[in-house]
Amino acid sequence: MHAQQQFAGRALKLQEVLNLLSISKSYHFAKLDSKSKSYDPTYPRPVSIGERSVRYMEHEVLEWLEKRMEERDAQ
């Protein structure tokens with residue numbers, strides 16, 4: 001990744017992601033856990049912004065959701 005790469009969109013807090021996707025906190029973390037049956041390697045990963053703080057890039061969450069919709073429509 002280039003140091004000067006620009007990011008579009010906002011950095012979302014976990015609760016904003018949960019609200020946007022209408023999912024539970026446990027399902028969210030299951031999507032990130034490679035040992036879970038619900039694991040999704042394409043699911044947006046958090047970005048660490050501090051020792052105990054992470055954010056999710058809004059454009060990555062929206063792109064992931066859009067791809068799910070495209071998969072649904074292709075069936």
Side-chain angles (χ1 to χ4, degrees):
M1 178 167 65
H2 296 90
Q4 295 181 1
Q5 183 176 358
Q6 296 200 5
F7 297 100
R10 301 181 316 125
L12 303 175
K13 293 180 178 182
L14 173 60
Q15 192 59 52
E16 293 175 297
V17 173
L18 300 178
N19 291 342
L20 181 64
L21 298 177
S22 298
I23 61 173
S24 69
K25 188 186 242 184
S26 60
Y27 186 66
H28 167 81
F29 286 111
K31 301 291 273 177
L32 293 169
D33 183 0
S34 63
K35 296 175 185 168
S36 169
K37 290 188 283 184
S38 299
Y39 175 66
D40 181 351
T42 67
Y43 193 73
R45 298 283 184 251
V47 176
S48 177
I49 62 166
E51 193 173 308
R52 296 181 56 193
S53 187
V54 297
R55 295 292 184 269
Y56 297 83
M57 298 312 299
E58 181 179 46
H59 72 277
E60 292 179 356
V61 175
L62 294 173
E63 286 172 8
W64 178 83
L65 184 57
E66 185 176 320
K67 287 181 182 173
R68 302 295 76 73
M69 292 167 49
E70 288 171 1
E71 290 173 2
R72 174 203 64 193
D73 294 344
Q75 294 179 3

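Just the heavy atoms: all of them, side chains too, but no hydrogens, waters or symmetry mates, feed the values below.
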Same apolar cluster (I L V M F W Y, side chains within < 4.5 Å links), I49/L14 | no
Would you mind reporting whether V17 and E60 have side-chain heavy atoms less than 4.5 Å apart?
-> no
OH/Y27: more than 12 non-hydrogen atoms of other groups inside 6.0 Å = no
Atom of Y43, atom of L32 and distance for their closest heavy-atom approach = CD2-CD2, 3.6 Å
Do F29 and L65 share a hydrophobic cluster (ILVMFWY, side-chain heavy atoms under 4.5 Å, transitive)?
-> yes
Measure the shortest side-chain to side-chain distance between L62 and E66 over non-hydrogen atoms and say whether it is less than 4.5 angstrom.
-> no
If every non-hydrogen atom of H28 is compared with every non-hydrogen atom of Y56, which pair is closest and at what distance?
-> NE2-OH, 2.9 Å
Partners meeting side chain to side chain contact (heavy atoms under 4.5 Å, CB included) with E16 (sequence neighbours left out) = R10, L12, K13
Can you name the closest pair of heavy atoms from V54 and S48 and give their distance?
-> CG1-CA, 4.0 Å
Check whether any side-chain heavy atom of L21 sits under 4.5 Å from a side-chain heavy atom of W64, and report yes or no.
-> yes
Which heavy-atom pair separates R55 from A11 by the least distance, and what is that distance?
-> CB-CB, 3.7 Å
In plain terms, say whether E70 and K67 are close enough for a salt bridge, that is, a side-chain N and a carboxylate O under 4.0 Å apart.
-> no
How far does CZ of R45 sit from CE of M57, to the nearest 0.5 angstrom?
-> 16.0 Å
